[in-house]
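One structure is given here, and the rest of the page talks about it.
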Amino acid sequence: QVQLVESGGGLVQAGGSLRLSCAASGRTFIYKMAWFRQAPGKEREFVAAFLWSGSGTYYADSVKGRFTITRDNTKNTVYLQMNSLKPEDTAVYYCAVGSGLRMKIAADYTYWGQGTQVTVSS
């Protein structure tokens, strides 16, 4: 079992920044971690991910150059730095842990946090 707790969401004006955090506890081995988001009336969509033991990172085209996923191994915590936010970034953001090979597919992630709301006003 892995427990995930997100924090850092809030209300920000367009062009602003937020940093989301996701603290993992429980099972110590993590294969991959990711951020997804879900806007009202829309399907959950991939945002960013990385392999815990590797150096590769993956981003959705819509956030490349604006969002950065990083981690603190000592704290088992992953961060999502979001810059140049746009109203279309408004969503509930979830962190997830998984073991499948597909980085951008929600079904390949087993454990999910409760989500944190990000609202970007125009």
Side-chain angles (χ1 to χ4, degrees):
Q1 288 285 339
V2 177
Q3 292 77 44
L4 302 170
V5 179
E6 301 104 333
S7 61
L11 173 64
V12 64
Q13 288 188 333
S17 299
L18 281 175
R19 189 179 80 156
L20 306 183
S21 300
C22 175
S25 62
R27 190 175 70 181
T28 56
F29 176 75
I30 295 174
Y31 179 70
K32 64 182 182 183
M33 287 189 75
W35 287 96
F36 286 78
R37 66 187 182 186
Q38 188 166 19
K42 295 187 177 181
E43 292 186 356
R44 192 166 297 189
E45 66 171 354
F46 170 78
V47 176
F50 65 89
L51 294 172
W52 194 263
S53 61
S55 60
T57 54
Y58 305 81
Y59 294 96
D61 289 342
S62 59
V63 306
K64 278 182 182 176
R66 300 188 299 121
F67 290 12
T68 304
I69 187 170
T70 59
R71 62 189 172 188
D72 183 336
N73 290 354
T74 64
K75 298 180 180 179
N76 274 356
T77 298
V78 63
Y79 304 96
L80 185 68
Q81 178 66 43
M82 305 185 295
N83 299 327
S84 301
L85 283 162
K86 304 175 182 179
E88 51 263 43
D89 294 319
T90 295
V92 177
Y93 283 70
Y94 300 89
C95 67
V97 167
S99 57
L101 297 178
R102 298 175 298 179
M103 301 299 293
K104 302 181 179 181
I105 305 300
D108 266 24
Y109 290 83
T110 305
Y111 302 101
W112 293 82
Q114 81 287 352
T116 185
Q117 176 71 47
V118 171
T119 303
V120 184
S121 63
S122 57

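As the structure is a computational prediction, the values presented were derived from the model and not from experiment. Basis for what follows: all heavy atoms, side chains included, without hydrogens, waters or symmetry-related copies.
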If you apply the rule side-chain contact (heavy atoms from CB on, under 4.5 Å), what do you find for R37 with V63, and how did you get there? CA-CA 12 Å; R37 66 187 182 186; V63 306; 4.0 Å; yes
Between CD on residue Q1 and OG1 on residue T110, distance to nearest 0.5 Å: 10.0 Å
Measuring from atom CD of Q3 to atom CG of N76, what distance do you get when rounded to the nearest 0.5 angstrom?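 If we round to the nearest 0.5 Å, Q3:CD and N76:CG are 11.5 Å apart.
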What closest approach, in Å, do [X] and [Y] show between heavy atoms, and which atom pair accounts for it?
X	Y	result
T116	G9	OG1-N, 3.2 Å
S17	N83	OG-OD1, 2.9 Å
E6	G113	OE2-CA, 3.2 Å
L85	L18	CD1-N, 3.9 Å
F46	M103	CE1-O, 3.5 Å

Say whether, by atom type as modelled, one donor and one acceptor occur between the side chain of Y59 and the main chain of I69 under 3.5 angstrom. yes
Tell me if a side-chain donor or acceptor on K32 pairs with a main-chain N or O of R102 at a distance below 3.5 Å. yes
Atom CD of Q114: over 12 foreign heavy atoms under 6.0 Å: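 Check passes, neighbour count above 12.
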Dump the intermediate steps for side-chain contact (heavy atoms from CB on, under 4.5 Å) on Y31 and V97, then the final yes or no. CA-CA 7 Å; Y31 179 70; V97 167; over 6 Å; no
Take L4 and M33, measure what side-chain contact (heavy atoms from CB on, under 4.5 Å) needs, and give me the verdict at the end. CA-CA 10 Å; L4 302 170; M33 287 189 75; 4.2 Å; yes
Ring centre gap for Y109 and F36 strictly below 6.0 Å: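 Centroid distance Y109-F36: below 6.0 Å, so yes.
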Let's go through W35 and V78 carefully: what are the C-alpha distance in whole Å and the side-chain angles of both, what is the deciding distance for side-chain contact (heavy atoms from CB on, under 4.5 Å) to 0.1 Å, and is it a yes or a no? CA-CA 9 Å; W35 287 96; V78 63; 4.0 Å; yes
Kindly confirm or rule out a cation-pi arrangement of R19 over Y79, judged by NZ or CZ under 6.0 Å from the six-membered ring centre and within 45° of its axis?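 Here R19 passes the 6.0 Å and 45° test against Y79.
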Does the side chain of K75 come within less than 4.5 Å of S21's, by heavy atoms? no
Taking NZ, NE, NH1 and NH2 as the nitrogens, is one of them in D89 or K86 under 4.0 Å from a carboxylate oxygen of the other? no
Classify the ring geometry of F67 against Y93: parallel below 30°, tilted from 30° to 60°, perpendicular beyond 60°.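 Rings of F67 and Y93: tilted, as their planes differ by 30° to 60°.
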